[in-house]
Amino acid sequence: MKYFISLLSAVFVTVILQAQEQGWQGKFEPIDNMISAPNAYRSASGAPGKDYWQQRADYSIKATIDEKTSVLSGEETITYYNNSPDNLSYLWVQLDQNVNRKENKGFSEVQGGVRDSMNTRHMQILTRAIDFPAGYTIKYVKDANGKNMRSIVNNTMMKVALEEPLRSGETLTFSIAWSYPVTDRSLFLLSREGYEYFPEDDNKVYLIAHWFPRMAVYNDAKGWQNKQFQKLGEFALEFGNYEVEIKVPSDYIVAATGELQNSKDVLTTEQRKRMDRARKSFDKPVLIVSPEEAIANEKTKTNKTKTWKFAAQNTRDFAFAASRKFIWDAQAVKFSDHTTMAMSFFPKEGLPVWSEESTKAVIAALQVYSESTFEYPYPVAISVNTSNIGMEFPMISFNGGRPKNGKMTELAKAGMIRTIVHEVGHNWFPMIVSSDEREWMWMDEGLNTYLDQKTMAEKYPQHHSITPKDIVPYMSGDKSIMRPIMTSSDSERLQQIGANFYNKPTVGLQILRNSVIGLELFDEAFKEYANRWKYKHPYPADFFRTLEDATATDLDWFYRGWFFTTDQTDMELANVKWFKVLEKDINIEDQHKKVNLKVGGEGEMATSKDFTSGPEDITMITTPDQNYGGFKSRIDEAELRKQLAGKNIYELTIKNVGGLVMPVTVEWKYTDGSSEIDRIPAEAWRLNEYVIQKTFIKTKEVSSVVLDPNFEFADIDMENNTFPRTGTPSAFDKIKEKQ
């Protein structure tokens, strides 16, 4: 016996070594070689390590919008804190506006080639036949003493050379003066910023974002994150404090990141009184600027200017919107130690829907996200209405959805509300839990979509929320053009970004919560991740490890399949066999003589084809003494037979056709019309990733069996989930026919 065990162990080790030499990775193998290794900065638990560090950048900015030319100019002073253990001989600064220059085509390739009957906007995006100015003019880069610093611009990145290295623990202050022409948003396929022009009243709504030169991230995982901005991969930014002054025409209203510092200078006495009322209004919005006032404002066209001053603490970016067209409402939201003002800014073209729904949607997001992660920490949360966009920035978002002639369909309204919830929700991911959007889009879009769907389900149950069934068309699509979730942001096709980086991660988290980990444990783990990494820079390994650490659940099999492959969920219920145990104990020699027995001696397999022909009889023989080894106790065979008397034994054969291992949910439908569900954990596939057999004992007789009856796992082919197959009569059906 010892020899046999040693031989078996030797064979097992040989097989494993051969598999490793051939590069084999089973579906249940650890993913340690696929993610970054833990270290002193990022621990094996998924939490920041004891030596974790990150840089910091504070900004003081003065900017001016010239309404006649639509040129935005500014001067900024950056105070950069080198908290890294490294000495830096140069800095990298982001110049995102350069992406709009003509040499950066900006998604023209996704329009396809020239074809007959092309519309003019299509042709403009494809060719840029009508050119327009774009990109930065850098007037100077100077050090704290006013001395020019050497800089080199490489498309959307600027390298600033240092005369002496910025040593670990030191701080550097330098200044940049710049300007750029704000672009017409209608000229771009993907326009996150710029202006929207309203010919009817000859006014513009300015959406100003990634507008000032900003420090690139330098961290332990990437060094300098200086990938060029290509519009799909968004932003990687450092936290800091902001003091911002914005000079605009005096009849403009400005909505911005942070808290307004000089309301006496820019708001009327009546507007300030309304704001005071809004700070105490927790049940409904208060109009700060009414529709009538905004409409009157559209006609003024003053040449005078005002300067709006804002301050923001511990945030990673700053954006603003400005227009004389804005209607403005605000409502207070109470948190444990502060009050946040939920606010909406919209032109008259947004009425009446925006006055009814926008601030309400902002508050819905603030409530559900705060409950699911941590309380919203900032003083304002703003939704600005514009066309053809949904884009997020700290404390402010630009959101599409606009009625036509004052009306919206319910479907359009649901889309508008969901856009507002989603973009406000981005305050958590990635504005506070500050993942690297330029590298891993799913870490902000996927996690945020998961919570925006949770918000919609709780606050707007009348509207559709994403479920596993919604991604089946994508999951069952052409695998030759499909990419894993773990694909960098700029490497995915534009047409598939929504499915792969938004919806597939969302469904994956729903599967983990509802069908693998359980609601309570998953919710605690998700909250743990959010709180561990708020105001920090997490990477995928940190998220993966935290979920395992906080749930005591091995999830590598799920990560490997769902995030790193394009495999599909397709479970086939290949066969169902039905057996009954003979209650009479017969001699083993007589057993072989019975014609209707399908089991020969001990250890042989039952040979019933399936259960549609009725049950097959099987016998149980007394366990031979040698099978007990050294154990002296024996099974109470009489009790065992009693427990099985009259029971039905069903053996299921389940095949993994799609490649993804998943838990298996089995629904039994009984001949008396009742039903029952059993769950098989994913670990059942450990020994065989392609086929498993599971045996169940049932008191009732089964009429049919269904896998994944509630559509929990995005199974792409439900037709092979049922037994007997459609059109195949079951044994119960045959009995009824005879009757």
Side-chain angles (χ1 to χ4, degrees), residues 92 94-112 121-122 125-126 128 134-135 154-157 183 185-194 207 209-211 214 216-217 222 224-237 316-317 319 386 388-393 397-400 419 422-423 425-426 429-431 434-450 452 471 474 477 481-506 537-540 563-564 566:
W92 281 103
Q94 300 182 27
L95 301 179
D96 292 343
Q97 284 299 321
N98 285 352
V99 78
N100 290 328
R101 288 177 168 168
K102 188 170 184 177
E103 56 267 28
N104 294 315
K105 288 294 185 180
F107 296 108
S108 61
E109 68 278 2
V110 306
Q111 293 288 293
R121 184 167 185 263
H122 183 144
I125 291 171
L126 187 65
R128 194 159 170 170
N154 177 13
N155 198 8
T156 63
M157 286 286 171
T183 51
R185 292 187 50 244
S186 68
L187 298 175
F188 292 95
L189 180 63
L190 186 62
S191 56
R192 291 189 170 94
E193 46 73 37
L207 306 179
H210 41 94
W211 53 288
R214 301 172 297 176
V217 165
K222 297 287 293 185
W224 283 109
Q225 170 48 291
N226 54 9
K227 288 185 66 173
Q228 296 291 336
F229 180 42
Q230 299 179 52
K231 288 196 175 182
L232 281 182
E234 291 177 355
F235 316 114
L237 299 163
R316 69 175 218 161
D317 199 3
T386 184
N388 297 40
I389 195 176
M391 191 59 207
E392 72 281 359
F393 304 95
S397 57
F398 307 150
N399 303 309
T419 298
H422 180 89
E423 305 308 340
H426 269 305
F429 305 98
M431 301 305 159
S434 185
S435 56
D436 182 353
E437 296 178 86
R438 200 151 290 184
E439 193 76 33
W440 304 114
M441 186 184 291
W442 71 267
M443 286 195 74
D444 68 291
E445 298 296 356
L447 273 58
N448 184 46
T449 301
Y450 165 73
D452 88 46
I471 66 163
Y474 168 72
I481 62 172
M482 196 179 296
R483 291 172 172 82
I485 293 173
M486 290 293 290
T487 297
S488 62
S489 303
D490 291 314
S491 299
E492 180 58 285
R493 295 168 181 263
L494 182 61
Q495 300 92 328
Q496 294 186 297
I497 281 176
N500 198 31
F501 291 152
Y502 290 65
N503 294 353
K504 188 178 177 184
T506 293
H537 299 312
Y539 276 80
F563 286 88
F564 289 89
T566 58

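Quick caveat: nothing in here was measured; it's all calculated off a predicted structure.
- A donor-acceptor pair is defined here as one N or O able to donate and one able to accept, closer than 3.5 Å; no such pair exists between the side chain of Asn448 and the backbone of Phe429.
- With a 4.5 Å cut-off on side-chain heavy atoms, Asp436 and Phe235 do not count as touching.
- Side-chain contact between Arg185 and Ile389: present, with at least one pair of heavy atoms (C-beta onward) separated by less than 4.5 Å.
- Closest non-hydrogen pair, Trp440 versus Ser488, comes out as CZ3-N, 4.3 Å.
- Side chain of Ser489 to main chain of Met441: a donor-acceptor pair is present (N/O by atom type, distance under 3.5 Å, no hydrogens or angles).
- In this structure, NE2 on His210 lies 12.0 Å from CG on Asn98, to the nearest 0.5 angstrom.
- Between Arg101 and Ala134, the closest heavy-atom pair is CG-O, 3.4 Å.
- Trp442 contributes atom CH2, which lies 6.0 Å from atom CE of Met486 (distance to the nearest 0.5 angstrom).
- Partners of Ala209 according to the side chain to side chain contact (heavy atoms under 4.5 Å, CB included) rule, which considers only residues two or more places apart in sequence or in another chain, are Glu193, Ala319, Phe393, Phe398.
- Separating the CE atom in Met443 from the CD1 atom in Ile485 is a distance of 12.0 Å, to the nearest 0.5 Å.
- One distance of note links NZ of Lys231 with CG of Leu494; it measures 11.0 Å at 0.5 Å rounding.
- The main-chain N or O of Asp96 is never found under 3.5 Å from a side-chain atom of Arg214 such that the two would form a donor-acceptor pair.
- One N or O on the side chain of Asn500 and one on the backbone of Arg483 form a donor-acceptor pair closer than 3.5 Å.
- The CG atom of Leu187 sits 10.0 Å away from atom CG of Asn100, with the distance rounded to the nearest 0.5 Å.
- Atom CZ of residue Phe501 and atom OG1 of residue Thr487 lie 5.5 Å apart, to the nearest 0.5 angstrom.
- Not one N or O on the side chain of Asp444 forms a donor-acceptor pair closer than 3.5 Å with the backbone of His426.
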(request) Just do the side chain to side chain contact (heavy atoms under 4.5 Å, CB included) check on Met391 and Leu207 with the steps written out, would you? (result) CA-CA 10 Å; Met391 191 59 207; Leu207 306 179; over 6 Å; no

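- When each of Gln230, Gln228, Gln97, Gln94 is checked for a side chain to side chain donor-acceptor pair (under 3.5 Å) with Thr156, only Gln228 meets the rule.
- In terms of modelled atom types and a separation under 3.5 Å, the side chain of Thr449 and the main chain of Gly446 share no donor-acceptor contact.
- Ala499 and Pro505 get closest at one heavy-atom pair: O-CD, 4.5 Å.
- Ile497 is not listed as a side-chain neighbour of Glu445, based on a closest heavy-atom distance of 4.5 Å or more.
- Tested against Arg316, the residues Glu437, Glu392, Glu234 include a single salt bridge (Lys or Arg N to Asp or Glu O under 4.0 Å) partner, Glu437.
- Taking a 6.0 Å sphere around CG of Asn154, one finds it holds more than 12 heavy atoms contributed by other residues, nucleotides or ligands.
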(request) Show the numbers, then the answer: is there a side chain to side chain contact (heavy atoms under 4.5 Å, CB included) between Trp92 and Gln225? (result) CA-CA 9 Å; Trp92 281 103; Gln225 170 48 291; over 6 Å; no

